[in-house]
Every structure is written in C-alpha cells, then in structure tokens.
Colleague: 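One structure coming up, written as structure tokens, with questions to follow.
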Amino acid sequence: MPHPYVLLSAAVSLDGHLDDTGPDRLLLSSPADFDRVDEVRAASDAILIGAGTLRADNPRLLVNAPERRAARVAAGRPAYPLKVTVSGSGDLDPDARFWHTGGAKVLYTTDRGAERARALGLAADVVPLGPGLNWRALLTHLRAAYGVERLMVEGGGHVHTQLLQEGLADELQLVVAPLLVGQSQAPRLFGPGGYQSGRLRLLETRRIEDVVLARYEPTAPGAGPLPAAADHHWLRLACDLAALCPPSTTAFSVGAVVVADDGTELARGHSREDGDPAAHAEEAALAKLDPADPRLPGATVYSSLEPCAHRASRPRPCARLILDAGVRRVVTAWREPDTFVADADGTGLLTARGVEVLVLPEHAAHARRPNAHLGA
Ligand SMILES: NC(=O)c1ccc[n+]([C@@H]2O[C@H](COP(=O)([O-])OP(=O)(O)OC[C@H]3O[C@@H](n4cnc5c(N)ncnc54)[C@H](OP(=O)(O)O)[C@@H]3O)[C@@H](O)[C@H]2O)c1
Ligand SMILES: [Zn+2]
C-alpha cells in the first residue's frame, strides 16, 4: 500500500538533545529557520507530532505566513495542513492548542486509547489501529483516508526514532544549533535500538543565521532506483541552474541535470549556454554525454521545465532527444505553459513511449522565478 513521503524535521543541540529538562521549551532554532520550517509546513499535506511533544510543548503547528496559506488555498488545498498526533494511552489534554487552532486534526491511537480519547471529547478524528500502534498501518491510512502525500514529522524523539528504525523515513532535515544542553535526562533526537538506515546520504547543507541545516536521506543497503528525496535534491539543482541562463524575452530559462541510477551526476546544462542563443537545457546536458554511455538507460533527466515537444530552432525537440538517448525517467517541476508554442505536451510524447514523467509541483515556484518577466 502506498505511503506518504515522510520528512523528519528536528532541531538539536551540539550534544544531540531536542530540549532541556526545564518546564519551558528550549529554543534551538533561529528566527530565519522558523520561517524555513513554516515553508516546509506549507508544502506538506500533514504535520505529525507524538503525544509527548503535544504535552511538553503545547504547540499550534500552523502555517504562520498568510501568503503561504493563500497560496495553498489558491492551489485548491486547505489553508492549513492536517494535524496528526499519536498516542498509545489516549491521555491527552482536550484544551491543548493543538485541537483548537488550524484546520482538521486526527489522532492515531490504540483501541484502549480511543476509548479514553472519545470520553475526552477531543475535537478530532480518532482512529484506533488495534491493540498496539503500527506505523505502517498509520501511514497507509493517512494516504488512503486523507490523501496525504507529503508528511512532515516534527518530533519528538520517540516518534523520530521509530520511523527511522522501521525504515519509514524518506528524508531527515536536521538543524544543529550552537549550544550545549549538558543534561543526561534531556530528550534525545534518536534513542538506542537497531537502525537499518545505513550511512545516511547527505543531500544538502545550508547555513541559516547561526544554525546549520543538514538534509539527509536514509539509504537502505542495496537501495534500488533513486528514491524520492534524491529527486527533490536534483530537481532543486536543475531549478538553480535555470537562474544561470542569459535573460531572454523569446524563450524560457531552464536548467537540467542528468543523473545515473546510483546517484552520480552525469551532466548538467541550462538554456542559451555558452553563447548559443538556441540551446535548450536538456539538449545542452545530453550533448555532453557519449550517446553510447551505458548509464543512460538507467538515468533520470531532471529539468526545471517539462521537456519541449515542438521547437522552431532545431529539428529535434528535447523530448525526442531524451527518447533517442534511451533515458526512461524524467522529473520536472513545471508543465510548459503555451507562451511560445500551443499544445506543448512533452510529457505526453514521453509517456506515450513508456518514459516515466514525474512532476514535483512543490518546485514550480522555484522553476518559474527566472521566467517571471515572461508572465507565464
Ligand atoms: N527540537 C525539536 O525539534 C523538537 C521537536 C519536537 C519535540 N521536541 C521535544 O521532544 C520532547 C518530547 O519528545 P518525546 O520523545 O518525549 O515524545 P514524542 O515522540 O513526541 O511522543 C511520544 C509519545 O507518542 C506516543 N507514541 C509514540 N510512538 C508510539 C507507539 N509506537 N505506540 C504507542 N504510542 C506511541 C506515546 O504517547 P502516550 O504516552 O500518550 O501513549 C508516547 O509517549 C519534548 O521535550 C519536546 O520539547 C523537540
Ligand atoms: Zn527543449
């Protein structure tokens, strides 16, 4: 059964703690990082916390920026992500802010916990998962019953530990704060136990004021095709490359990266590269590769804009170049608007020939940015 994409998000001290033992929540992040978290929330369908965090922090878990809520509504989504909590006991405070702010809420619990929660009259759906709590059942239910495709998990340590140990996390976004807690009883991000995550793959590091964001992807030994977190990483790079294009009023600015199935970057390109006013990004990237390269059939082309299906400037459009290169997978952020050509259906051309085309619309704003002057 399909699960949502699961993103674990946490801030830790230099000695690996999520909080101190005092009654108030320890502020680990910086203001700019709280804003980044707000953005990640806005891009999520649901936000999950454990009952321990609900009791300790009494959080609201909202999307705070009105423009982010407006963008969600404009895209046909609820203003706030679904709020999800997990409790075995059902021992929850019905007056906590969690229940009385934001949009819809759901509690996943045990059969006994559900009895208790119902007696409390919580303002939420209550979903019992049996005598114990099963994370796979929870994720399957979130996807099937609420349509959650992207789940952000905001702690605490018990929840993060189980999801990582059970191999259910797709991405970890960790913020390291420059302070030390120094209390052995303070909660830790990850507890003891068996981890199958192997050596995590580092996707990105970013300095945000005085904290460092590190994004990791758990890599199961012998992992097969590129997993979802890597798709976001490479597509983000393609969107960054689009910003390098010399400006044009007659063509889009696009970036592209070709990546082998083991995660090796094979080539990259962007529109109008090297002074060629007609160059397209995918074309420029593929031109750097030997057409006989044995890694091409397993490779993925990441392109900020859907590959073109028609073009006046060259005989073969990019969708055709991709097919001819033998590439079987394309990931893109944005379907081509009919600014320059009508019926710009590169996706249709590719999928009709069995190429998988994945659109990750959460990157569309990034892909559009260098094209804002085109009004597309
Ligand atoms: N720095 C950060 O980024 C960050 C983020 C979040 C939280 N925190 C901190 O983390 C601390 C809380 O973390 P925590 O680890 O104590 O709590 P937690 O992970 O938020 O929640 C643990 C609780 O969730 C329920 N639960 C989780 N897995 C379950 C399972 N398999 N079966 C049944 N119930 C399950 C249980 O609730 P019941 O007890 O109701 O059965 C359990 O006590 C707080 O100090 C908070 O400030 C920090
Ligand atoms: Zn093209």
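Numbering of ligands and ligand atoms starts at 1, following listing order.
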Colleague: With heavy atoms of G156 as the reference, note each atom of ligand 1 found under 4.0 Å away.
Modeller: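 Contacts of ligand 1 toward G156, numbered from 1: 6 (C), 7 (C), 13 (O), 15 (O), 18 (P), 19 (O), 20 (O).
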Colleague: Where is the tightest heavy-atom contact between T53 and P59, given as atom of each residue plus distance?
Modeller: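 Where T53 meets P59 most closely, the heavy atoms are O-CD, 3.8 Å.
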Colleague: What's the shortest distance from atom 32 (N) of ligand 1 to any protein heavy atom, and which residue and atom give it?
Modeller: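 Ranking protein heavy atoms by distance from atom 32 (N) of ligand 1, first comes L133 CB, 3.3 Å.
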Colleague: Side chain or backbone, does I49 bring an N or O within less than 3.5 Å of an N or O on ligand 1?
Modeller: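 No - when backbone and side-chain N and O of I49 are compared with those of ligand 1, no distance drops under 3.5 Å.
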Colleague: Once you round to the nearest 0.5 Å, how far does CD of E336 lie from OG1 of T347?
Modeller: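 If we round to the nearest 0.5 Å, E336:CD and T347:OG1 are 9.5 Å apart.
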Colleague: State the atoms of ligand 1, each with its element, that fall below the 4.0 Å cut-off from a heavy-atom position in D19.
Modeller: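 Atoms satisfying the 4.0 Å criterion: 44 (C), 45 (O), 46 (C), 47 (O).
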Colleague: Go through the steps for E115 and R118 under the test salt bridge (Lys or Arg N to Asp or Glu O under 4.0 Å), then give the verdict.
Modeller: CA-CA 5 Å; E115 271 173 46; R118 290 204 175 103; over 6 Å; no
Colleague: Any nitrogen or oxygen of A56, main chain or side chain, under 3.5 Å from a nitrogen or oxygen of ligand 1?
Modeller: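 Between A56 and ligand 1, no N or O pair is found under 3.5 Å apart.
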Colleague: Would you verify that at least one protein heavy atom lies under 4.0 Å from atom 42 (C) of ligand 1, or report that none does?
Modeller: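 Given the 4.0 Å limit, the answer for atom 42 (C) of ligand 1 is no, no protein heavy atom qualifies.
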Colleague: Under 4.0 Å from a heavy atom of G155: which atoms of ligand 1 are those, numbered in the order shown and with their elements?
Modeller: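 Matching atoms, with element in brackets: 6 (C), 20 (O).
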Colleague: Using 30° and 60° as the class limits, which term best fits the ring planes of Y195 and F190: parallel, tilted or perpendicular?
Modeller: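 Perpendicular.
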Colleague: Check the pair H232, Y5 against ring-ring contact (aromatic ring centres under 6.0 Å, His included), reporting the backbone distance first and the verdict last.
Modeller: CA-CA 11 Å; H232 289 284; Y5 180 88; 5.3 Å; yes
Colleague: Hey, what do you get for OH (Y80) to CZ (R72), rounding to the nearest 0.5 Å?
Modeller: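 That separation rounds to 10.0 Å.
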Colleague: Closer than 4.0 Å to some heavy atom of D57 - which atoms of ligand 1 meet that?
Modeller: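 Checking each atom against D57, I get 46 (C), 47 (O).
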Colleague: Identify the protein heavy atom lying closest to atom 21 (O) of ligand 1, giving its residue, its atom name and the separation to 0.1 Å.
Modeller: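 Answer for atom 21 (O) of ligand 1: G52 N, 3.0 Å.
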Colleague: Based purely on interatomic distance, does P187 place a nitrogen or oxygen under 3.5 Å from a nitrogen or oxygen of ligand 1?
Modeller: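 No: no nitrogen or oxygen of P187 is under 3.5 Å from one in ligand 1.
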Colleague: Using the salt bridge (charged side-chain N to carboxylate O under 4.0 Å, His left out) rule, pick out the option among R272, R311, R316 that qualifies with E283.
Modeller: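 Running salt bridge (charged side-chain N to carboxylate O under 4.0 Å, His left out) over R272, R311, R316 with E283 returns exactly one hit, R311.
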Colleague: Can you tell me how far the CD atom of E306 sits from the CD atom of E282, to the nearest 0.5 Å?
Modeller: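 These two atoms lie 9.5 Å from each other.
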Colleague: Under 4.5 Å between side-chain heavy atoms, counting indirect links through other Ile/Leu/Val/Met/Phe/Trp/Tyr residues: same cluster for L321 and V327 or not?
Modeller: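 L321 clusters together with V327.
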Colleague: For ligand 1, which atoms sit closer than 4.0 Å to a heavy atom of G50?
Modeller: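 Listed by number with element, the hits are 18 (P), 20 (O), 21 (O), 24 (O).
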Colleague: Can you report which non-hydrogen protein atom sits closest to atom 7 (C) of ligand 1, along with the distance?
Modeller: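 Going atom by atom, the protein heavy atom closest to atom 7 (C) of ligand 1 ends up being T53 OG1, 3.2 Å.
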Colleague: If the Zn ion (ligand 2) is the vertex, what is the angle to SG of C308 and SG of C318, rounded to 10 degrees?
Modeller: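 Computed angle, vertex at the Zn ion (ligand 2), rounded to 10 degrees: 110°.
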Colleague: How far is atom 4 (C) of ligand 1 from its nearest protein heavy atom, and which residue and atom is that?
Modeller: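 For this ligand atom, the closest protein heavy atom is L18 CD2, 3.9 Å.
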Colleague: I need the atoms of ligand 1 closer than 4.0 Å to a non-hydrogen atom of A10, numbered in the order shown.
Modeller: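 Close to A10: 3 (O).
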Colleague: Give the atoms of ligand 1, by number and element, whose distance to some non-hydrogen atom of W135 is under 4.0 Å.
Modeller: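 Near W135, the atoms of ligand 1 are 28 (N), 31 (N).
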Colleague: Please answer whether the main-chain N or O of G255 pairs with a side-chain N or O of S304 as donor and acceptor at a distance below 3.5 Å.
Modeller: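 Yes, S304 side chain to G255 backbone: donor-acceptor pair under 3.5 Å.
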Colleague: Check whether any N or O atom of E154, backbone or side chain, sits under 3.5 Å from an N or O atom of ligand 1, and answer yes or no.
Modeller: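 Such a contact does not occur with ligand 1.
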Colleague: Which of the listed options, A177, G90, S87, holds the heavy atom that is closest to atom 40 (O) of ligand 1?
Modeller: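 Heavy atom nearest to atom 40 (O) of ligand 1 belongs to S87.
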Colleague: Ring of F98, cation from K83 - is the NZ or CZ under 6.0 Å from the centre and inside 45° of the axis?
Modeller: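 Yes - K83 lies over the ring of F98, closer than 6.0 Å to its centre and within 45° of its axis.
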Colleague: Of the backbone atoms (N, CA, C, O) and the side-chain heavy atoms from C-beta on, which set of L28 has a member under 4.0 Å from an atom of ligand 1: side chain, backbone, both, or neither?
Modeller: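 Side chain only.
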Colleague: What about A11: any of its N or O atoms under 3.5 Å from an N or O on ligand 1?
Modeller: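 N/O-N/O distance below 3.5 Å exists for this pair.
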Colleague: Using modelled atom types only, decide if a donor and an acceptor are shared between the side chain of E273 and the backbone of H270 within a distance under 3.5 Å.
Modeller: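 Such a contact is found between E273 side chain and H270 backbone.
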Colleague: How close does the nearest protein non-hydrogen atom get to atom 34 (N) of ligand 1, and which residue and atom is it?
Modeller: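 It is G88 N, 3.1 Å.
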Colleague: Any atom of ligand 1 sitting under 4.0 Å from a heavy atom of R55?
Modeller: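 It does; at least one heavy atom falls under 4.0 Å.
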Colleague: Mark yes or no for whether N134, through its side chain, and A137, through its backbone, hold a donor-acceptor pair below 3.5 Å.
Modeller: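 Between the backbone of A137 and the side chain of N134 there is a qualifying donor-acceptor contact (under 3.5 Å).
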Colleague: Are W135 and Y108 close enough, and set up right, to give a ring-ring contact (aromatic ring centres under 6.0 Å, His included), and what steps lead you there?
Modeller: CA-CA 10 Å; W135 284 100; Y108 285 99; 8.9 Å; no
Colleague: Name the closest protein heavy atom to atom 16 (O) of ligand 1, giving the residue it belongs to and the distance to 0.1 Å.
Modeller: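 For atom 16 (O) of ligand 1, the nearest protein heavy atom is H158 ND1, 3.6 Å.
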Colleague: What protein heavy atom lies closest to atom 25 (C) of ligand 1? Include the residue and the distance to one decimal.
Modeller: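 Ranked first by proximity to atom 25 (C) of ligand 1 is V86 O, 3.3 Å.
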Colleague: Could you list the atoms of ligand 1 found under 4.0 angstrom from a heavy atom of A51?
Modeller: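 That gives atoms 21 (O), 23 (C), 24 (O), 37 (O), 40 (O) of ligand 1.
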Colleague: At what distance is the nearest protein heavy atom to atom 29 (C) of ligand 1, and which residue and atom is it?
Modeller: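 Here the closest protein heavy atom is Q162 NE2, 3.7 Å.
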Colleague: I need the single residue from L28, V211, V37 that forms a side chain to side chain contact (heavy atoms under 4.5 Å, CB included) with V175. Which is it?
Modeller: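 The side chain to side chain contact (heavy atoms under 4.5 Å, CB included) with V175 is passed solely by V211 among L28, V211, V37.
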Colleague: As an exercise, state the distance from CZ of R329 to CG of L358, rounded to the nearest 0.5 Å.
Modeller: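 With rounding to 0.5 Å, CZ (R329) is 6.0 Å from CG (L358).
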Colleague: Please name the atom of H280, limited to N, O or S, that comes nearest to the Zn ion (ligand 2).
Modeller: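 Output for this pair reads ND1.
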